[in-house]
Novice: 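Sharing a structure with you now.
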Amino acid sequence: MTATDTTIKVPEALRDRIGRRAEREHTPLAVAIERALDEAEEPEFWREVRRYHAGLSDEDRRAYLNDRTLRDDLADPDDALTAEDAW
């Protein structure tokens with residue numbers, strides 16, 4: 001263990017669940033835990049995005065529509081170039 005490692009006590013059944021997941025994903029236990037947390041946090045993130053957007057006024061929404069920095073600019077002929085083409 002390194003100085004930054006932490007040991008936690010978990011019930012045996014939970015340890016086994018984490019171990020099975022890590023084995024399925026061919027990853028260390030820590031990576032399996034991190035991925036599980038990421039998966040759990042993603043829906044929370046999108047709920048917050050929806051909540052934020054639901055609170056926008058019509059004027060706020062129009063401001064986003066007119067914000068040029070949010071456009072993909074597909075009308076730009078150079079936009080279709082790949083990085084390799086642009087070299």
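Small disclaimer: the values here were computed from a predicted structure and weren't measured. The analysis underlying the following values was restricted to heavy atoms, covering all of them including side chains, and did not include hydrogens, waters or symmetry mates.
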Novice: Tell me, yes or no, whether the heavy-atom count around E25 atom CD, taken from other residues, nucleotides or ligands under 6.0 Å, exceeds 12.
Specialist: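 Counting other residues, nucleotides and ligands, CD of E25 exceeds 12 neighbours.
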Novice: Take R15 and E12, measure what side-chain contact (heavy atoms from CB on, under 4.5 Å) needs, and give me the verdict at the end.
Specialist: CA-CA 5 Å; R15 183 205 61 203; E12 191 174 325; 3.3 Å; yes
Novice: Indicate if V31 and I18 have the same hydrophobic cluster label, given that clusters are the connected sets of ILVMFWY residues with side-chain heavy-atom separations under 4.5 angstrom.
Specialist: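 No: no chain of side-chain contacts under 4.5 Å links V31 to I18.
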Novice: Count the heavy atoms of every other residue, nucleotide or ligand shown that sit under 6.0 Å from CZ of R17, and state whether that count exceeds 12.
Specialist: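 Count not over threshold, so no.
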Novice: Between E39 and R21, is there a salt bridge with N-O shorter than 4.0 Å?
Specialist: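 Answer for the salt bridge query: yes.
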Novice: To the nearest 0.5 Å, what is the distance between CG (L29) and CD (E23)?
Specialist: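 The CD atom of E23 is 10.5 Å from CG of L29, to the nearest 0.5 Å.
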Novice: Could you pull out the closest heavy-atom pair between R35 and T27, with the gap in Å?
Specialist: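 For R35 and T27, the tightest heavy-atom pair comes out as NH1-CG2, 3.3 Å.
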Novice: Would the number of heavy atoms belonging to other residues, nucleotides or ligands and lying under 6.0 Å from CD of E48 be above 12?
Specialist: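 Correct, the count exceeds 12.
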Novice: Check for a donor-acceptor pair, side chain of D16 on one end and backbone N or O of A13 on the other, with a separation under 3.5 Å.
Specialist: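 No.
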Novice: Is any NZ, NE, NH1 or NH2 atom of the basic residue among R62 and E59 found under 4.0 Å from an Asp or Glu carboxylate oxygen of the other?
Specialist: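 Between E59 and R62 there is no salt bridge, as every charged N stays at least 4.0 Å from the carboxylate O atoms.
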Novice: Residues in salt bridge (Lys or Arg N to Asp or Glu O under 4.0 Å) with E41, at least two apart?
Specialist: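 Result, salt bridge (Lys or Arg N to Asp or Glu O under 4.0 Å) vs E41: none returned.
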Novice: If you group Ile, Leu, Val, Met, Phe, Trp and Tyr whenever their side-chain heavy atoms sit less than 4.5 Å apart, what else falls in with W46?
Specialist: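 Its cluster mates, by chain and number, are F45, V49.
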